[in-house]
Q: 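Before anything else, here's the structure in question.
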2 protein chains.
Amino acid sequence: MFSIGELSRRAGVKIPTIRYYEQMGLMAAADRSEGNQRRYSKDGLKRLSFIRHSRELGFSIDDIRGLLELSQHPEKPCRDAHNMAARRLDDVRARIAKLRRLERELKRISGCDADTIAHCAVIETLADHGLCEGDH
Amino acid sequence: MFSIGELSRRAGVKIPTIRYYEQMGLMAAADRSEGNQRRYSKDGLKRLSFIRHSRELGFSIDDIRGLLELSQHPEKPCRDAHNMAARRLDDVRARIAKLRRLERELKRISGCDADTIAHCAVIETLADHGLCEGDH
DNA sequence: GTAATCTCTCTAGCGGCTAGAGCTTCAAGA
DNA sequence: TCTTGAAGCTCTAGCCGCTAGAGAGATTAC
């Protein structure tokens, strides 16, 4: 059994965040010491690592609730888990596409070599969307 | 002079968002009708379009305050504007790179063709970061 | 004149944390 | 055993960039 600080270090998740996950129902309410401090076992660490990893991949708190629920039932079909991953993949791809457009536009306007605001492509472009190449 | 609804339609920015921008000091406090309703001119529309466009490119409210300030002084050098655009570009590129790594990982785990949770790569990977290919 | 539509201000909520106040508990050394 | 300093507790509030809703008043078309 270890403390929340120890869990925090081992999982790489900040203490207030762990408490937040408990509030949100991702982490089960932890066992307590006599003095009311949280005590965790390896299971807690596993679960927190699962959560952290899922967050890194961009799953929402709500998604993770679902994934955790699924992970408790190894005999169930994993269609739902696949669907969730696929949705995330779509989302990530859409965001990449959008950022690519932004990158192109920012690159273009950064290329301006004017000296003063009056002739600066950055400001000019922001003022007039018509000057943009693509859409965003 | 036109109403906030009209401005909203013309600029493609929702009404509460316009009022929010006013609160944040991006839009000047608008003129008012006798009955205390906001009235805008073409200048207001220009400014709001500038704001909208800047937001689309990912500039923060704070950045935009700076950009608007700059745009009012055409005689000034535009180094600051360039720096801001360059910082945004760096940021966008970093985010693209991160999303790319996520995409790869999600693609990999989505490729799993197991039937049950017990053998599902999605869940398995989330539970054990060691199974990931890259880092994220 | 009346009805339908806008607009007003104010407050609260979203997600996913993060920070701080003011207190209690724990663990290591003297 | 006592002390001290770190670590933990709960609770509330704040971050960003909006968005939603209540309950009121203004405007506009017929």
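Order of the sequence lines fixes the chain letters, A, B, ..., with proteins taken first and strands second; residue numbering starts at 1 for each chain. We use all heavy atoms of the structure for the numbers below, so side chains are in, but hydrogens, waters and symmetry mates are not.
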Q: Given atom CD of A:Q23 and atom C1' of D:dA13, what is their separation to the nearest angstrom?
A: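 To the nearest whole Å, that distance equals 13 Å.
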
Q: At less than 4.0 Å, is any side-chain N or O atom of B:R38 found next to OP1 or OP2 of C:dT9? Yes or no.
A: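 Affirmative; the distance criterion is met.
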
Q: Cationic tip of A:R10 within the cone over A:F2's six-membered ring, i.e. under 6.0 Å and within 45° of the normal?
A: yes

Q: Whether the side chain of A:R88 engages the backbone of A:L57 through a donor-acceptor N/O pair (distance < 3.5 Å, no angle test) should be reported.
A: yes

Q: Between the side chain of B:R47 and the main-chain N/O of B:L26, is any donor-acceptor distance below 3.5 Å?
A: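 Yes.
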
Q: Examine B:L126 and B:L131 and state if one hydrophobic cluster contains both, with Ile, Leu, Val, Met, Phe, Trp and Tyr joined whenever side-chain heavy atoms are less than 4.5 Å apart.
A: no

Q: For the pair made of CD in A:E56 and C1' in C:dG16, what is the distance, rounded to whole Å?
A: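 For the pair A:E56 CD and C:dG16 C1', the rounded distance is 15 Å.
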
Q: In this structure, how many angstroms lie between the C1' atom of C:dG15 and the CD1 atom of A:I61, rounded?
A: 8 Å

Q: Consider the side chain of A:T17, meaning its heavy atoms from C-beta on, and name the nucleotide among C:dG16, D:dT10, C:dT18 that approaches it most closely.
A: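 So the side chain of A:T17 is nearest to C:dT18.
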
Q: For A:E34 and C:dC26, what is the distance between atoms CD and P respectively, to the nearest whole Å?
A: 7 Å

Q: Please state how far atom CG in B:L26 lies from atom P in D:dC16, giving the value in whole angstrom units.
A: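 Atom CG in B:L26 sits about 13 Å away from atom P in D:dC16.
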
Q: Please compare A:R39 and B:R32 by the position of their nearest nucleotide in DNA chain C and report the one closer to 5'.
A: B:R32

Q: Which one, C:dG16, D:dC9, C:dT18, comes nearest to the side chain of A:K14?
A: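 From the listed options, C:dT18 comes nearest.
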
Q: Is a donor on one side and an acceptor on the other found under 3.5 Å between the side chain of B:T125 and the backbone of B:A121?
A: yes

Q: What integer distance in Å separates A:F59:CZ from C:dC17:C1'?
A: 20 Å

Q: What is the separation between atom CE on A:M24 and atom P on C:dG16, rounded to the nearest whole Å?
A: 10 Å

Q: If the cut-off is 4.0 Å, is B:Y21 near the phosphate of D:dC18, judged by side-chain N/O to OP1 or OP2?
A: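 For D:dC18, OP1 or OP2 has a side-chain N or O of B:Y21 closer than 4.0 Å.
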
Q: Of the candidate nucleotides C:dT7, D:dC9, C:dT9, which contains the atom at the shortest distance from the side chain of B:S3?
A: C:dT7

Q: Tell me the interatomic distance from A:Y40, atom OH, to D:dA7, atom P, rounded to whole angstroms.
A: 17 Å

Q: Choose from D:dT10, D:dT27, D:dC18 the nucleotide whose nearest atom is closest to any side-chain atom of B:Q37.
A: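 The answer is D:dT27, which lies nearest to the side chain.
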
Q: Taking OP1 and OP2 of C:dC26, is either one under 4.0 Å from a side-chain nitrogen or oxygen of A:S33?
A: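 So the side chain of A:S33 is within the cut-off, an N or O lying under 4.0 Å from OP1 or OP2 of C:dC26.
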
Q: Looking only at side-chain N and O atoms, does B:R19 come under 4.0 Å of OP1 or OP2 in C:dT9?
A: no

